[in-house]
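Bear in mind the structure is a predicted one, so any value in this text is a computation, not a measurement. All heavy atoms count here, side chains included; hydrogens, waters and symmetry mates do not.
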Amino acid sequence: MKVIDKILEDEKKVVFSFEFFPPRTEDGVENLLERMDQMVAHNPAFCDITWRASNADLTLDIANKMQNMICVETMMHLTCTNMPVDMIDHALQTIKSNGLQNVLALRGDYDSKLATYGDYFGITVAGPEAHPDVIEEDNGLATPESYQSDLAYLKRKVDAGADLILTQLFYDTDIFLKFVNDCRQIGITCPIVPGIMPINNYKGFIRMTGLCKTRIPAQVTAALEPIKDNEEAVRAYGIHLATEMCNKILAHGIRTLHLYTMNMEKSALAILMNLGLIEEAKISRPLPWRRPANNGKEDGESSQQIKGDNPTNCST
C-alpha cells in the first residue's frame, strides 16, 4: 500500500512513522530487526530504511524483511547521485518483487526508470529548511534567493509526481511552519511530514546538526550547555523538547510525525507516549521465526545505539 493512501485514509487521525538505518554487522542487523519488531507493535503508519550505497544489497534485504517479516509498510530511500542506471533499475525491480510500493527519492531528479513503473510506486521527496549546500553557516539560514529557488525546485518535483514531502531534522518549529506555509503559497498541496530527531546525546546532536547545517535556536543551546556531559539529562531534555515541538506542530493542524530513531527506541516511544499516541503498557510481539535476541540481557542494553553508517541523508 502507498504511504500517501495510508495518510489520507483518515485525515483527522494523527499518524506517526519511524526511520532506521542499516547497521554494519550481521549481529547489528539481527538486533535492529528485533528493535523494529518491538516498535512496530505500536502501529506506525510506515517505517523507512535509509540507503547504504556501499552495500545496496543489505538495504534491499532489510527492506524486504521489514515489509514481509516485520509486516510494516516500508519505504526505502534511494539515493540517485552517482548511481548507475542499471543499479537504480535493479533496486526498483527488487523492491517491487518484494511487495514494496514506497520510495524516498534523494539527490537527483526523477530517474526515467521510475516512469517505466507507471503509478506503482508512491514517491516521497525530501524538503529541508533549505538545501545544506546553500545554508549559510553563520546563521543557519539560506539567502532569500536560494530559499525561493529551492521551493521552486521542490514544486517541480511534486508536479513531476511526488505525492509526499518528508523534511530533514529541525529544531526551530517556526521555520518548519513557515516552510509549510510557503509551500502552500506556491501551490504545493501534498502532505508535508515533519522529521523529528530526538536529542539522545550531545556529541551526536552537534555532529548531525553540523553535517546538515541545521539552525539551533538559542534557547536549545542554552538548555544543553550546562548538561552536555550528562547523557541522561540530555536525553530527558531531548524528549521534552521533541514533545513540545510535536505539540506545536499538531496544534497547527498537521497530523503526521516522522521520528528519526537513530535505531534506538526509548526516546521515540517516550515522545509518542507523552503525546498520547501510544499506550505505555503495549506488549511487544516476538518475531515469528526466532526468539528475541536479548533474552537475559539487562533492559538498559536496549537503549544502546546500533553501530552503523551515517543514518540520515542531508539532501534533496
Side-chain angles (χ1 to χ4, degrees), residues 2-4 17-22 46-60 62-63 66 74-96 100-115 117 121-135 142 146 149-170 176 179 183 188 190-197 208-209 211-214 256 258-263 308-316:
K2 292 181 181 179
V3 166
I4 184 64
S17 50
F18 300 125
E19 178 172 297
F20 304 97
F21 65 93
F46 69 95
C47 293
D48 70 331
I49 184 75
T50 64
W51 180 257
R52 177 185 283 183
S54 62
N55 193 345
D57 287 340
L58 176 61
T59 302
L60 293 168
I62 293 174
M66 290 169 67
T74 300
M75 176 187 296
M76 190 187 75
H77 293 211
L78 189 58
T79 306
C80 300
T81 298
N82 299 322
M83 280 258 294
V85 173
D86 59 346
M87 184 179 292
I88 295 174
D89 193 35
H90 168 69
L92 293 173
Q93 287 181 0
T94 300
I95 62 175
K96 183 180 180 183
L100 279 75
Q101 282 192 268
N102 299 286
V103 173
L104 173 56
L106 295 163
R107 283 284 183 182
D109 297 317
Y110 286 123
D111 185 84
S112 59
K113 284 293 182 182
L114 281 170
Y117 294 89
F121 288 112
I123 306 298
T124 298
V125 293
E129 301 167 8
H131 195 287
D133 290 348
V134 300
I135 292 177
S146 295
S149 176
D150 275 0
L151 283 178
Y153 184 55
L154 181 60
K155 187 175 189 305
R156 290 199 297 274
K157 289 184 176 184
V158 174
D159 291 344
D163 47 29
L164 194 66
I165 296 170
L166 176 60
T167 77
Q168 298 291 354
L169 72 157
F170 60 90
F176 165 74
F179 168 72
C183 285
I188 295 175
C190 69
I192 299 174
V193 181
I196 307 296
M197 181 175 285
M208 189 59 63
T209 54
L211 178 67
C212 297
K213 298 183 182 178
T214 306
T256 54
H258 186 67
L259 294 166
Y260 295 119
T261 70
M262 302 294 287
N263 291 0
D309 288 341
N310 181 19
T312 60
N313 292 285
C314 297
S315 58
T316 57

Check: Okay, side chain of S17, backbone of C47: is any donor-acceptor separation there less than 3.5 Å?
Finding: no
Notebook entry, point to check: Which atoms form the tightest heavy-atom contact between I196 and F170, and what is the distance?
Noted result: CD1-CZ, 3.9 Å
Next item on the list: Can you see which heavy atom on I192 is nearest to which on C183, and at what distance?
Entry: CD1-CB, 3.7 Å
Checklist line | Value rounded to 0.5 Å, distance of CD in Q93 from CG in L60 | finding: 11.5 Å
Check: Do D159 and R156 have side-chain heavy atoms sitting under 4.5 Å apart?
Finding: no
Checklist line | T214 OG1 to M197 CE distance, which is reported to the nearest 0.5 Å | finding: 8.5 Å
Notebook entry, point to check: Looking just at side-chain N and O atoms, do H77 and T50 make a donor-acceptor pair shorter than 3.5 Å?
Noted result: no
Notebook entry, point to check: Does the N102 side chain pair with the main chain of V3, one donor and one acceptor, at a distance under 3.5 Å?
Noted result: yes
Note to self: Is it the case that the side chain of T167 and the backbone of G195 share a donor-acceptor pair, with hydrogens and angles ignored and the cut-off at 3.5 Å?
What the structure shows: yes
Margin query: To the nearest 0.5 Å, what is the distance between CG on L164 and CG on L104?
Written below: 9.0 Å
Margin query: What I'd like to find out is whether the side chain of L92 reaches to under 4.5 Å of the side chain of L78, using heavy atoms alone.
Written below: yes
Checklist line | Heavy-atom closest contact (Y260 atom, Q168 atom, distance) | finding: OH-CA, 3.9 Å
Next item on the list: Considering non-hydrogen atoms only, spot the tightest contact between L154 and F179 and give its length.
Entry: CD2-CZ, 3.7 Å
Checklist line | Heavy-atom pair of closest approach, residues H90 and T94 | finding: O-OG1, 2.7 Å
Check: Side chains of F46 and H258: does their closest heavy-atom pair fall under 4.5 Å?
Finding: yes
Item checked: Distance (rounded to the nearest 0.5 Å) between E19 CD and M262 CE -> 9.5 Å
Note to self: Using side-chain heavy atoms (C-beta onward) and a distance below 4.5 Å, is T59 in contact with M76?
What the structure shows: yes
Notebook entry, point to check: Between G161 and I123, what is the shortest heavy-atom contact and its length?
Noted result: O-CB, 4.4 Å
Note to self: For a 4.5 angstrom cut-off between non-hydrogen side-chain atoms, does W51 reach V103?
What the structure shows: no
Margin query: What's the separation between atom CD1 in I95 and atom CD in Q101, rounded to the nearest 0.5 Å?
Written below: 10.0 Å
Margin query: If you apply the rule side chain to side chain contact (heavy atoms under 4.5 Å, CB included), what do you find for F18 with D48, and how did you get there?
Written below: CA-CA 6 Å; F18 300 125; D48 70 331; over 6 Å; no
Next item on the list: For D163 and C190, indicate whether the former's side chain and the latter's backbone hold a donor-acceptor pair under 3.5 Å.
Entry: no
Check: Which is it for F21 and I62 under the side chain to side chain contact (heavy atoms under 4.5 Å, CB included) test, yes or no, and what are the steps along the way?
Finding: CA-CA 9 Å; F21 65 93; I62 293 174; over 6 Å; no
